[in-house]
Amino acid sequence: MSSQEPNVRGPRNGAAGPVVAVTGAASGVGALLTERLVASPDVGRVVALDERRGAVDGAQWHVLDVRDPAIADRLRGDGEPVDTVVHLALDLDLETDPAARTAYNVRGTQTVLTAAAAAGVRRVVLCTSAMVYGALPDNDVPLAEDAELRATAEATGVGDLLEIERLARRAPRAHPGLNVTVVRPTVLVGGTDTALTRYFESPRLLVVAGSRPCWQFCHVEDLAGALEYAALEKVEGELAVGCDGWLEQEEVEELSGIRRMELPSAVALGAASRLHRLGLTPSPAGDLAYTMHPWVVSGSRLHEAGWRPKWTNEEVLAALLEEAAGRHAVAGRRLGRKDATTLGAAGATVALVGTAALVRRARKARRRV
């Protein structure tokens, strides 16, 4: 993967602008990016790839699974091959079976990279997450984009993202001439459902005693803008994207109006691990680290290339709280309105932890029989 300074190159197919393909183009960030590229005077043609046809007119749609090697034929086109592929067909759903999710994400990325090389594509843009840096108490604040990736596979989907990062590093060596750019957003907000967005659906914000959380958000509209920059070859390499600066936990609590519930580290981590192991919550204990330790980024490479976020952390937090209104989650587990009202904040947590303890005791009793 290239680590050169940001640069600008002319399109391969002349003044008409580059041909850009987007996988996962029918929904989410993929749909936003596809819409932006279709409207851009700097883009010659947009190829949209997904398992269903999306609503964006003006793109050339192909319905297929990104794991299908036939994707190479779609990238070759009819005499006008694709210049850049932006690969956004990832499954990071909390409710997806982890093995199936990994099989889809890793195999899909492998297929896209191989197909792009076979079709003569010049650049592939991959999207992972700033979570790959890891949430650690000794992290610099902010982290430089070339900081070591110290995450482990203990949080939801992070193992998949680390494997995608490894594929990105290997691809230029395996396919000389192929440039791979990686975009790493911070806490993504805007129609997203993750362990970190569900944190703000809780009646109380869980704070681990002695921790030092810092919050840096990224609105999906800003991510789409950063991906457009990468697709148009205005910047390359490893790019972190998010709002400027960050919020301390106390600022988040003041802005949100949600009070904290502080627990000792051993209690919080132990309960999270047991609840997940027993299938009571979708989030493994590793997700908790990202609410405990800082993992904010500088985003300097995009800034040097002229990109700026349109959203502030305060504005994205307000948008997240608006989306979360009416939803209730404890430890990442969604609760019905009746349950949340009946149990209250502390009650819901106690109920979940108590349920885990009861299930554990029941299992021990069965083993003794």
Side-chain angles (χ1 to χ4, degrees), residues 94 98 129-143 147-159 161-162 186-187 194-217 246-256 258-297 317 320 328-335 343-361 363-364:
L94 284 172
S129 167
M131 293 176 78
V132 297
Y133 291 109
L136 299 159
D138 62 345
N139 273 348
D140 290 336
V141 180
L143 289 161
E148 180 184 357
L149 306 188
R150 298 198 290 163
T152 65
E154 295 172 355
T156 304
V158 174
L161 300 179
L162 289 170
T186 55
V187 180
T194 67
L196 293 170
T197 59
R198 287 192 185 186
Y199 177 83
F200 293 92
E201 297 176 18
S202 298
R204 294 286 187 271
L205 298 179
L206 173 63
V207 176
V208 176
S211 65
R212 173 175 76 113
C214 297
W215 291 91
Q216 183 182 32
F217 301 99
W246 59 89
L247 300 173
E248 303 287 347
Q249 181 72 23
E250 292 74 17
E251 294 176 285
V252 167
E253 292 170 19
E254 182 179 354
L255 290 167
S256 67
I258 307 175
R259 294 167 59 189
R260 70 167 57 193
M261 177 191 298
E262 191 162 317
L263 292 175
S265 176
V267 173
L269 291 169
S273 178
R274 288 193 298 271
L275 292 171
H276 181 66
R277 189 170 60 250
L278 295 170
L280 297 176
T281 62
S283 299
D287 287 343
L288 198 56
Y290 291 89
T291 70
M292 294 171 58
H293 307 304
W295 52 288
V296 301
V297 294
L317 175 59
L320 173 55
H328 308 277
V330 174
R333 180 188 181 186
R334 287 260 170 85
L335 300 175
L343 292 170
T349 301
V350 170
L352 284 177
V353 174
T355 301
L358 288 172
V359 171
R360 196 168 62 256
R361 283 199 294 269
R363 286 180 175 173
K364 288 181 179 177

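Computation of the quantities below employed the complete heavy-atom set of this structure, encompassing side-chain atoms and omitting hydrogens, waters and symmetry-equivalent molecules.
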About how many Å separate [atom2] of [Y] and [atom1] of [X], when rounded to the nearest 0.5 Å?
{"X": "M131", "Y": "T156", "atom1": "CE", "atom2": "OG1", "result": "7.0 Å"}
{"X": "L320", "Y": "Y199", "atom1": "CG", "atom2": "OH", "result": "11.5 Å"}
{"X": "L149", "Y": "T152", "atom1": "CG", "atom2": "OG1", "result": "12.5 Å"}
{"X": "M292", "Y": "D287", "atom1": "CE", "atom2": "CG", "result": "12.5 Å"}

Give me the atom names and distance for the closest heavy-atom approach of [X] to [Y].
{"X": "L196", "Y": "T291", "answer": "CD2-CG2, 3.9 Å"}
{"X": "L161", "Y": "S129", "answer": "CD1-CB, 3.6 Å"}
{"X": "A147", "Y": "L143", "answer": "CB-CD2, 4.2 Å"}
{"X": "W215", "Y": "P213", "answer": "NE1-CB, 4.1 Å"}
{"X": "A153", "Y": "G159", "answer": "CB-CA, 3.7 Å"}
{"X": "L205", "Y": "S256", "answer": "CD1-OG, 4.1 Å"}

Is the side chain of [X] donor-acceptor paired with the backbone N or O of [Y] at a distance under 3.5 Å, no angle test?
{"X": "N139", "Y": "H293", "answer": "no"}
{"X": "W295", "Y": "Y290", "answer": "yes"}
{"X": "T194", "Y": "T197", "answer": "yes"}
{"X": "R212", "Y": "P137", "answer": "yes"}

Less than 4.5 Å apart, side chain to side chain, heavy atoms only: is that true for [X] and [Y]?
{"X": "P142", "Y": "V296", "value": "yes"}
{"X": "R150", "Y": "D138", "value": "yes"}
{"X": "E253", "Y": "Q249", "value": "yes"}
{"X": "L247", "Y": "F217", "value": "yes"}
{"X": "L288", "Y": "L206", "value": "yes"}

Item to complete: With sequence neighbours excluded, tell me which residues meet side chain to side chain donor-acceptor pair (under 3.5 Å) with T186.
Response: none
Worksheet item: Who pairs with E262 by side chain to side chain donor-acceptor pair (under 3.5 Å), at least two apart in sequence or on another chain?
Response: R260
Discussion item. Walk me through whether L317 and F200 qualify under side chain to side chain contact (heavy atoms under 4.5 Å, CB included).
Written reply: CA-CA 9 Å; L317 175 59; F200 293 92; 3.8 Å; yes
